[in-house]
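So the structure is just underneath, and the comments pick up after that.
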Amino acid sequence: MDSVELLPDAVWRQSFRRQLLRWFRRNARDLPWRQTKDPYAVWVSEIMLQQTQVLTAKSYFVRFLQRFPDIATLAASSEQEVLRYWEGLGYYRRGRSLHQAAQRMMAEFEGKFPRDPQAVQKLPGIGRYTAGAILSIAFDDRLPILETNSIRLLSRLLAYQGDTTRSVGQKLLWTFSEQLLPRRNAGSFNQALMEVGSCVCTPKSPACSNCPVRKLCRARSQKLQEVIPVVKQKTQYEDLHEAAVVIWRGQKVLLRRCTTGERWEGLWDFPRCEISAQKEHLLRKEIEKKVRKLTGFTIHVGDSLATIRHGVTRFRIKLECYEAGVLGSSRSRVSLQQKWIPVTTLEDYPLSVTGRKISRLITES
DNA sequence: AAATCGGGGCC
DNA sequence: GGCCCAGATTT
C-alpha cells in the first residue's frame, strides 16, 4: 500500500494554489527578510529561523545584516565576532556554519550564492528544506519545502494519521509539497504554506474558520484537526549538577573557549565542571581539583556567587557559581583555548547564556 | 531510518 | 514543567 495514492488530483491542486496565493497577498506579515530577495539575506534569515521562532529571529536578523551586509564581509570577519552577533540565539553551530559557508562561497563560487540546489545543499548548515527555501524565495526556483509549519498544514489537508517524523510520512509530504508547487511564484507559494501553517493552522485550536483552504481540508471535514499531526514522544530530561568559577587575577578573569564535544562549541565560558559532592567543603575541594586538571591553575574557591538553573536541549543544569583566586600554575598548559582577560572586555567575547549571566553578576556590582 | 545535536522562548 | 519552533547532522 502506497500512501502517495492518497494525494489530491490536479483540479484540487489548482484550487489550492489559487486560494493560498490570494490569501498570502493580503495577509503576509511584514518581516524584515521579506524586504529583499538578495539570496544572502534570505540565506541568513533561513539559518536563523531553523528551530527558532520568527519573533526571536527578527532583531537578530536586522543587527546581523547591518554588521555583515554581504558574503564578502561575513567571510572576512572572525568567527568570534560572528558568534558575538549570534549570542543568545542558540544552536551556535549555525553561526559557525554560516561563516564557513561564506568563506567557501568566496573560494568556490566567486563570492556569489550558488544557484544549483545540489551545490547549495552541500554547504554546511543547509539541508533540503533550507536549500529549497532560499532558492525559491530568492529566485523563484521551483523547489519544494517541508518544515514544521508546512508539515502541520499538509498533513492536515490530507488527514494523514501516520507519523510525520518517520520516513514514510516524510516521503509522502515532500512529494505532496512538490506536486503543489505552481509554475510561477514558487517563493511566495512556499512562504504562504509556512505563513498559513504558522498563523492559521496552529498546533492547538487551529483557526479553521479563517483558513483560506478550509474547504480543501480533509482533517477538518473529519474533525481531526486537533489530533493531526500525531504528537511525538516527550523528551527525557537529564539533570546535571555543575559548577563554574570566576577566577580572579587582579582585574582579570580566566576565560576558556569551549571545544569540540562540549556544549557551546566555539563560545567562551568561565571554567566549568560537573560536580557530585554534597557537603560544602568537599564540593570546594572537588571544584579545585577539577579546575586544576581543566585549566592548569591551582585555585582557592571562595564565595558563592549564585545558583543558576538553565535548560539546554534535553539537559537541566543546576549551575553553582563561585569566585576564586589563583594560588599557582603549572605553566605547561599554555593554550589558545584559554586566557586571562580584563573584566571590562567581557563584552567582546561570545558567551553562553549562563556565561553572560555570570559576567553581569561580576560587572554590575 | 531514527537519535542526536548540547537551545531558547513562552505559557 | 511542557510545548513549540521556517532543521541539520550523525549514527
Side-chain angles (χ1 to χ4, degrees), chain A residues 28-29 31-34 42-61 83 86-98 100-101 120-134 136-137 144-154 163-171 173-174 177 187 189-199 201-205 229 231-240 242 258-267 269 272 274 309-317 351-357:
Chain A
R29 286 172 290 182
L31 303 173
W33 45 85
R34 288 188 176 155
V42 175
W43 170 41
V44 171
S45 75
E46 287 302 334
I47 301 299
M48 285 189 173
L49 286 164
Q50 288 171 2
Q51 298 298 98
T52 302
Q53 301 186 137
V54 165
L55 201 61
T56 305
K58 270 172 126 175
S59 59
Y60 279 90
F61 175 81
L83 287 177
W86 206 269
E87 185 184 305
L89 255 187
Y91 286 126
Y92 299 95
R93 175 191 298 269
R94 296 181 296 174
R96 295 189 296 118
S97 296
L98 198 68
Q100 190 187 329
V120 172
Q121 234 181 114
K122 281 188 188 131
L123 294 165
I126 301 184
R128 188 176 179 187
Y129 161 76
T130 304
I134 297 169
S136 65
I137 294 170
I145 58 148
L146 193 66
E147 41 66 71
T148 186
N149 296 304
S150 42
I151 287 171
R152 194 166 53 245
L153 174 61
L154 298 185
D163 189 335
T164 58
T165 68
R166 304 287 250 274
S167 61
V168 178
Q170 288 277 310
K171 188 182 175 193
L173 295 176
W174 272 109
S177 181
F189 179 83
N190 282 340
Q191 292 186 81
L193 279 181
M194 297 189 275
E195 196 84 342
V196 171
S198 172
C199 302
C201 197
T202 51
K204 290 175 182 173
S205 311
V231 293
K232 59 172 184 180
Q233 64 181 40
K234 284 180 277 194
T235 50
Q236 288 286 309
Y237 290 103
E238 185 177 334
D239 289 319
L240 294 180
E242 299 184 348
C258 305
T259 62
T260 312
E262 296 180 303
R263 281 190 298 271
W264 303 308
E265 179 179 354
L267 272 60
D269 205 356
R272 162 204 293 264
E274 202 161 343
R309 286 165 211 280
H310 182 71
V312 43
T313 60
R314 63 186 185 86
F315 299 98
R316 311 262 181 162
I317 306 170
L351 303 179
S352 66
V353 167
T354 53
R356 189 58 68 192
K357 281 182 183 169

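All values below were derived from every heavy atom in this structure, side-chain atoms included, with hydrogens, water molecules and symmetry-related copies excluded. Nothing here was measured: the structure is a model prediction, and the numbers come from that model.
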Gln170(A) to Thr165(A) - nearest heavy-atom pair and separation:
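Smallest interatomic distance, heavy atoms only, reads CG-O, 4.0 Å.
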Nearest whole Å is fine: how far is [N] [atom2] from [X] [atom1]?
| X | N | atom1 | atom2 | answer |
| --- | --- | --- | --- | --- |
| Leu351(A) | dG7(B) | CG | C1' | 16 Å |
| Ile317(A) | dG1(C) | CD1 | P | 14 Å |
| Met48(A) | dG8(B) | CE | P | 14 Å |
| Arg94(A) | dG7(B) | CZ | C1' | 8 Å |
| Asp163(A) | dA3(B) | CG | P | 10 Å |
| Arg96(A) | dG7(B) | CZ | C1' | 14 Å |
| Glu262(A) | dT4(B) | CD | C1' | 18 Å |

If the cut-off is 4.0 Å, is [X] near the phosphate of [N], judged by side-chain N/O to OP1 or OP2?
| X | N | result |
| --- | --- | --- |
| His310(A) | dG8(B) | yes |
| Arg166(A) | dA2(B) | yes |
| Tyr92(A) | dC5(B) | no |

Applying a 4.0 Å non-hydrogen cut-off, can you work out what Ile145(A) is touching in the nucleic acid: base, sugar-phosphate, or nothing?
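Nothing: the residue Ile145(A), judged by heavy atoms under 4.0 Å, touches no strand.
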Quick one: do Glu262(A) and Arg272(A) make a salt bridge, cutoff under 4.0 Å?
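No, Glu262(A) and Arg272(A) are not salt-bridged.
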Rounded distance in Å between the P positions of dG7(B) and dT11(C):
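My reading of the P atoms in dG7(B) and dT11(C) gives 16 Å.
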Considering only atom C1', compute the distance from dC5(B) to dC5(C) and round it to an integer number of Å.
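Going atom to atom, C1' in each nucleotide, I get 15 Å.
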Kindly compute the distance separating CG (Leu123(A)) from OG (Ser97(A)), expressed to the nearest 0.5 Å.
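One finds 10.0 Å between CG of Leu123(A) and OG of Ser97(A).
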I need a per-nucleotide contact map over nucleotides 2-9 of chain C, read 5' to 3'. Cutoff is protein heavy atoms under 4.0 Å; write B for the base, S for backbone only, - otherwise.
-SSBBBSS
